[in-house]
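To start, the structure itself, in structure tokens.
Small disclaimer: the values here were computed from a predicted structure and weren't measured. So you know, we letter chains A, B, ... as the sequences are listed, proteins then strands, and number each from 1.
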There are 4 protein chains.
Amino acid sequence: MKSNRPKYNQIIDAAVIVIAQNGYYQAQVSKIAKQAGVADGTIYLYFKNKEDILISLFHEKMGYFVEQIEEEIKGKATASEKLHVLIQKHFQNLSEDVNLAIVTQLELRQSNKELRLRINDVLRGYLNLIDQIIIEGKENGEFLPDLNNLLARQMIFGTIDETVTTWVMNEQKYSLPDLAPDVHRLLIGGCGLKS
Amino acid sequence: MKSNRPKYNQIIDAAVIVIAQNGYYQAQVSKIAKQAGVADGTIYLYFKNKEDILISLFHEKMGYFVEQIEEEIKGKATASEKLHVLIQKHFQNLSEDVNLAIVTQLELRQSNKELRLRINDVLRGYLNLIDQIIIEGKENGEFLPDLNNLLARQMIFGTIDETVTTWVMNEQKYSLPDLAPDVHRLLIGGCGLKS
Amino acid sequence: MKSNRPKYNQIIDAAVIVIAQNGYYQAQVSKIAKQAGVADGTIYLYFKNKEDILISLFHEKMGYFVEQIEEEIKGKATASEKLHVLIQKHFQNLSEDVNLAIVTQLELRQSNKELRLRINDVLRGYLNLIDQIIIEGKENGEFLPDLNNLLARQMIFGTIDETVTTWVMNEQKYSLPDLAPDVHRLLIGGCGLKS
Amino acid sequence: MKSNRPKYNQIIDAAVIVIAQNGYYQAQVSKIAKQAGVADGTIYLYFKNKEDILISLFHEKMGYFVEQIEEEIKGKATASEKLHVLIQKHFQNLSEDVNLAIVTQLELRQSNKELRLRINDVLRGYLNLIDQIIIEGKENGEFLPDLNNLLARQMIFGTIDETVTTWVMNEQKYSLPDLAPDVHRLLIGGCGLKS
DNA sequence: AATGAATGAGGTTTCATTCAT
DNA sequence: GATGAATGAAACCTCATTCAT
């Protein structure tokens with residue numbers, strides 16, 4: 001699926017809105033088509049089936065996500081700073097598109113196991129980013145040398161994810177990006193050297 | 001719903017098995033009834049509807065979970081020790097009942113948003129347990145005095161949860177309880193005083 | 001599928017009527033259910049899917065058909081008489097249930113190839129009956145000793161079938177059973193003069 | 001529909017191939033267009049609708065069929081010889097174009113009743129040819145004077161048709177034209193002994 | 001004449017829940 | 001209390017046809 005066709009993005013954007021507003025189960029194809037301003041059948045010119053819309057949605061949005069963070073990270077010197085940027089951007093992106101946050105944190109998780117495995121493939125790029133930061137942190141002495149890579153990544157991703165989910169479920173009553181420094185400090189405390 | 005009626009537990013145990021083996025979507029009421037050895041209609045003498053089975057399932061299993069951990073924690077003197085017991089018991093419990101782990105970590109998450117909000121209510125007791133440990137840790141000087149309670153809890157729960165989920169998705173290839181000390185050290189590093 | 005459950009036959013009879021009156025493509029499951037006086041879903045308690053209704057329909061009706069003819073044939077001494085009974089009964093049965101005739105001669109033939117192969121299995125019993133008559137006729141000297149069994153059967157079945165189809169397509173303007181003696185004479189004697 | 005436009009025949013030939021290879025139901029207009037090397041929309045410049053392709057297909061192919069047999073028959077003196085040529089040519093033609101045989105004997109029969117009625121109109125010319133042979137046979141004393149014209153035609157056509165269908169369904173394992181003499185003898189003489 | 005992107009109607013099947021026995 | 005046969009709503013996807021270019 002090439003992504004430079006206008007209707008392709010039109011449908012994905014419509015899907016985000018419809019799923020966020022109606023929930024995963026009430027997001028019928030016909031509703032998405034209507035929101036996108038196309039006929040039901042048109043959906044199937046751009047997507048194999050309904051599941052393909054969701055995978056593509058995640059792919060497109062997460063892809064942009066990872067690229068953007070990768071770009072920003074390049075300029076940073078330390079692993080700690082890189083982690084800070086990652087948290088900051090993660091929170092900021094989802095904060096700026098609440099519908100997307102609702103979809104990724106709540107709605108897409110009730111898709112079937114198969115779909116979630118596909119989504120995890122997409123997530124891989126993001127997890128790799130975190131892994132690289134951990135490795136770099138250990139190499140340049142910022143993080144504990146005996147830090148378990150997998151566990152560290154699980155802590156970082158689990159904490160970020162849980163923080164966003166809680167924010168979404170609390171109906172975004174507070175500023176998510178403002179939490180970034182504290183979350184960063186917490187995570188560095190876990191990974192970092194006792195100094 | 002009283003829990004000392006034999007068929008009640010029979011149905012809940014059947015639900016765990018059926019959901020773990022067939023997945024959330026293939027866990028039809030008729031299948032659960034068959035596994036429990038009762039008629040379809042009998043389910044509705046003990047549960048309001050299908051959702052009620054799932055909430056009750058979580059309630060019963062998590063209730064036992066929290067009670068058990070609460071009991072074990074009482075005897076421990078420090079917040080750090082208490083956290084260690086909590087992690088240890090969490091990992092051990094789910095490690096001993098893989099079906100339950102699959103259900104709570106993977107299958108039940110694809111329930112609808114409403115159900116997950118209800119499940120979160122049940123989770124409250126567990127989160128409270130974590131909150132108490134954090135407060136105690138701050139009071140007796142084990143943890144940083146300016147630690148953000150909510151964030152700390154999110155880190156602890158997020159990390160534990162992500163660790164279990166990864167273990168389940170990796171088909172339980174390694175020992176989950178063995179990870180407890182490392183996860184504990186990581187989390188204490190985040191919450192604890194720089195010493 | 002056992003056939004002594006009342007709704008089973010009720011649905012099959014309804015299917016014959018609905019298909020005959022509306023045609024194969026306009027015979028929606030909902031229409032058959034309504035005609036049978038049951039809910040749509042009830043159909044699926046007795047039949048695997050829509051195709052299964054059609055196969056079962058053919059099976060039940062043709063099964064009765066073959067049994068009846070087999071019974072009648074037993075009492076006849078010669079192959080010629082047996083053939084006459086077969087033709088007579090075939091014409092009479094379909095003549096007495098015009099809806100069934102429409103379904104078997106016109107509507108069921110537009111089912112997909114797969115379904116028709118399944119139907120051919122059912123037909124096998126009928127074709128075997130014809131084969132036996134041919135063999136018997138050759139053994140007792142009624143038929144030509146060098147008669148090609150397969151071709152003879154094809155002629156007999158093809159002629160009977162074409163005769164019924166023409167009768168159905170001509171809206172049953174004439175008596176089908178009355179044609180039996182002539183068709184019998186034709187098949188026994190062909191077109192040519194006895195010389 | 002004029003038939004000397006190149007794309008017209010191109011589309012009909014494509015339809016024969018696509019239907020034979022994919023079956024009636026999988027012979028979508030788009031597939032036929034692709035096989036013909038034209039755009040979907042182009043089909044509708046030459047045919048009113050999909051049904052029109054199929055009727056035209058039958059018309060063109062059967063028309064050629066009838067013409068060819070008519071031509072060959074002229075030179076024959078007796079009805080019996082004419083019938084032999086008809087059978088021979090029928091078998092030979094379909095034998096030489098297996099795709100066409102599959103389409104006419106199997107696939108086109110699962111079209112709707114309406115279409116089949118239209119196809120029968122086309123068939124009329126062929127049936128007339130048979131009728132003429134029967135009449136001639138009776139007039140010149142070759143056939144029985146009290147032969148029922150309609151029944152005789154039904155026997156002849158039914159037998160030929162059933163023979164071809166069986167051959168197609170048996171995946172053309174044997175030579176169809178080789179059967180012509182036997183089928184001819186059968187039709188002329190029937191099953192019974194010449195007495 | 002030719003294209004092909006867009007349309008939108010329509011039907012089979014599943015499964016949670018009920019209720020007469 | 002227990003049963004299980006019956007219910008019926010609800011949605012994804014296909015594909016013949018159109019029409020702006």
### Query
What does F/dC19 pair with, Watson-Crick or G-U, if both distances are under 3.5 Å?
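Pairing partner, where one exists within any strand: E/dG4.
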Could you check how far [atom1] of [X] sits from [atom2] of [N], rounded to whole Å?
| X | N | atom1 | atom2 | result |
| --- | --- | --- | --- | --- |
| A/I53 | F/dA11 | CD1 | P | 15 Å |
| D/I11 | E/dA1 | CD1 | P | 12 Å |
| C/K31 | E/dG11 | NZ | P | 8 Å |
| B/I32 | F/dG4 | CD1 | C1' | 17 Å |
| C/N22 | E/dG11 | CG | C1' | 14 Å |
| A/I43 | F/dC13 | CD1 | P | 11 Å |
| A/Y46 | F/dT14 | OH | P | 17 Å |

### Message
Within the 4.0 Å limit for protein heavy atoms, which parts of nucleotides 13-21 of chain E are touched? Write it as a string from 5' to 3', B for base, S for sugar-phosphate only, - for none.
### Response
BBSSBB---
### Query
Counting only side-chain N and O atoms of B/K7, is one of them less than 4.0 Å from OP1 or OP2 of F/dA2?
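True: B/K7 side-chain N/O within range (under 4.0 Å) of F/dA2 OP1/OP2.
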### Task
Please confirm whether D/K7 makes a cation-pi placement over D/F47, using NZ or CZ under 6.0 Å from the six-membered ring centre and within 45° of the ring normal.
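No - D/K7 does not lie over the ring of D/F47 by the 6.0 Å and 45° rule.
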### Query
Looking only at heavy atoms, what is the nearest atom pair of D/L57 and D/A15, with distance?
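Looking at all heavy atoms of both residues, the closest pair is CD1-CB, 3.9 Å.
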